[in-house]
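Scope of the values below: all heavy atoms of this structure, side chains included, with no hydrogens, waters or symmetry mates. First listed ligand is number 1; within each ligand, the first listed atom is number 1.
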Amino acid sequence: MNAAPINQRKWWKEAVVYQIYPRSFKDSNGDGIGDLNGIISKLDYIKNLGVDVVWLNPIFSSPNDDNGYDISDYKGIMSEFGTMEDFDALLQGMHDRGIRLILDLVVNHSSDEHRWFKEARSSRDNPYRNYYHWWPAEQGIPKKRFSFFDVNNDAWEYDNATNSYYLHYFSVKQPDLNWENPLLRKEIYDMMHFWFQKGIDGFRMDVIPFISKDITFPELPEEYHGNFVKYYAEGPFLHKYLHEMNREVLSRYDVMSVAEGIGVGTDKALEYVAPDRQELDMLYHFEGIGIGLLPYEFKAADPNGFSLIEFKDLYSKWDAVFAENGWGTIYLGNHDNPRILTRWGNDSPEYRNVSSKMLSAFLLTMRATPYYYAGDELGMSNIKFDSIDDYRDIETINMYRQMESRGEDLSRFLQNQKITARDNSRTPFQWDATENAGFSTGTPWLKVNPNYTTVNVAAQEEDPQSPLNFFRNLIQLRKKELALVYGRYVLLDRDNPHVYSYIRHWEDTTIIVMLNFSASEANAHLEGLELSAAKVLLSNYPDERKGMDTLTVLRAYEACICKLNSANFRNNGET
Ligand code: NOJ
């Protein structure tokens with residue numbers, strides 16, 4: 001039976017989401033920082049990609065300790081990005097082109113410069129005090145909580161004014177909001193209504209599994225010392241809050257919601273997204289991006305690369321979670337991760353284009369909504385800074401300082417950051433070969449990758465074989481072949497260490513996808529499938545395959561998407 005009866009069709013299941021980091025996309029006023037008018041000037045580019053939804057990283061008022069993930073006014077626009085009039089024009093421009101817009105909902109924490117926090121820290125009996133988590137110092141030092149971005153890795157900050165500590169899972173300027181307080185929750189829901197009434201089409205929910213906490217703040221159980229992320233996720237009332245948010249806000253609009261599913265495993269995923277639970281629509285997990293990292297070291301990539309078998313097993317396991325219920329997402333990178341080309345493909349000039357196209361083929365042919373990060377369609381790659389001075393990201397800078405104070409190996413850290421640092425994916429978007437890649441006439445806030453002279457939109461527009469045009473073709477194919485959206489996923493040739501092959505099957509259509517993840521020729525073992533009548537729908541090499549007899553030999557990073565005769569698939573493979 002097919003997993004998705006027609007009555008379960010939803011626009012957000014069939015959508016391709018294009019993620020824009022506004023700070024790095026296009027600067028319209030020469031201050032070196034991307035802005036809303038910059039995005040407006042590129043709406044036709046976005047439209048011509050064929051994407052359906054744009055997700056913007058936070059655009060709200062912020063002192064930018066963490067590039068907008070520290071919000072000081074949830075209903076204001078960050079001054080560097082423009083004004084509310086600019087936002088309204090951007091939303092209109094998107095809707096005019098049939099593109100939906102989703103914003104970032106950052107409500108585990110606010111900025112310490114938010115009015116609520118300024119009030120809260122002013123006295124213990126201030127009405128906003130309980131919008132945040134406090135620990136009175138007369139009760140002693142609070143039990144250890146680790147912090148992501150604190151120089152001392154300490155999530156409790158002592159605040160002199162009221163002789164108390166406040167909680168901040170992220171930087172000292174990102175105090176955690178207290179979801180136990182119904183007044184806080186109401187403020188958040190009102191704010192969500194404010195944006196929905198403006199017409200936005202959904203939210204991506206930042207670290208949402210962290211909003212519920214054990215507010216007695218007991219000793220962290222020993223087993224969580226190395227994995228505090230898991231402990232922070234899924235507090236006791238999380239699903240009560242998400243259900244309430246759905247009832248009070250989300251269910252009243254035709255919108256989509258996607259959780260940043262930090263710490264969420266396959267065993268818990270449906271608790272967020274099973275439709276009958278009336279919480280959220282989708283979540284994106286963190287397991288995939290953890291593949292190929294060394295244990296016990298901060299974001300260190302294994303020099304031997306990653307295991308494709310582990311990769312296949314993991315994505316197959318996640319596909320199975322949503323085979324009968326709920327809906328999945330697929331991504332390989334975003335603003336918190338390096339460029340997908342460097343991490344999962346091959347960024348050498350020889351293989352850049354072909355491997356980048358192969359990765360796009362993976363993302364656009366899985367049974368899940370693809371979240372595709374701007375710049376990956378060009379094959380942008382990691383900038384690989386040599387010096388800490390080039391980094392702007394609080395995560396890298398504070399971890400460097402922390403390790404420095406402990407006398408740890410900083411050169412090894414910097415080596416690792418060349419592969420894994422977040423700033424690698426935040427470098428300015430590469431529009432053309434003019435100064436600063438056409439991103440800005442001023443000095444960009446983060447250096448432009450020097451490869452912009454060859455890797456840029458202008459150069460790729462005219463080339464039918466470019467990664468950019470391949471991405472466009474993939475989107476058109478996904479729209480034409482509903483099997484690529486809803487079709488059942490069947491992994492083939494599981495033990496092949498180089499080639500990832502799978503079937504997508506829906507109604508009368510069977511599509512086979514073969515992806516060579518290696519820099520050498522490799523065989524796909526597809527015994528039992530009758531391939532002679534197969535038709536190539538899309539391939540990432542210019543000289544497309546003609547006959548199917550050679551189908552099982554794939555060139556370096558070759559991606560081949562073929563349509564089979566369904567009857568053959570049923571006879572040979574279907575269970
Ligand atoms: C996840 C966001 O994606 C990341 O960029 C941010 O630093 C943290 N949450 C804190 O908001």
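Ring pair Trp431/Phe25 is perpendicular by interplanar angle, where above 60° counts as perpendicular and below 30° as parallel. Taking the six-membered ring where tryptophan is involved, the planes of Phe311 and Phe362 are tilted, since the angle between them lies from 30° to 60°. The aromatic rings of Tyr158 and Tyr165 sit perpendicular, their planes meeting at an angle over 60°, well past the 30° parallel limit.
Within 6.0 Å of NZ on Lys186 lie no more than 12 heavy atoms contributed by other residues, nucleotides or ligands. No more than 12 heavy atoms of other residues, nucleotides or ligands sit less than 6.0 Å from atom NZ of Lys447.
At least one heavy atom of Arg204 sits closer than 4.0 Å to an atom of ligand 1.
The Phe149 neighbourhood of ligand 1 comprises atoms 7 (O), with distances under 4.0 Å to a heavy atom of that residue. Distances below 4.0 Å separate heavy atoms of Arg422 from the following atoms of ligand 1: 4 (C), 5 (O), 6 (C), 7 (O). The distance from ligand 1 to the heavy atoms of Val207 drops below 4.0 Å at these ligand atoms: 9 (N). Ligand 1 places these atoms under 4.0 Å from at least one heavy atom of His109: 10 (C), 11 (O).
The nearest non-hydrogen atom to atom 11 (O) of ligand 1, considering only Asp393, Asp104, Asp206, comes from Asp206. Looking at Asn67, Asp66, Val106, Ile394 and measuring to atom 10 (C) of ligand 1, the nearest heavy atom belongs to Asp66.
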Worked verdict on Phe210 versus Tyr169 for ring pair (Phe, Tyr, Trp, His ring centres under 6.0 Å): CA-CA 9 Å; Phe210 288 3; Tyr169 279 176; 5.7 Å; yes
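Ion pairing between a basic and an acidic side chain is recognised when a charged N comes within 4.0 Å of a carboxylate O; Glu395 and Lys299 show such pairing.
When hydrogens are left out, the protein atom nearest atom 5 (O) of ligand 1 is Asp336 OD1, 2.7 Å; that is the closest non-hydrogen contact.
When heavy-atom distances to ligand 1 are checked against a 4.0 Å cut-off, Glu395 has no atom that comes that close, whether in backbone or side chain.
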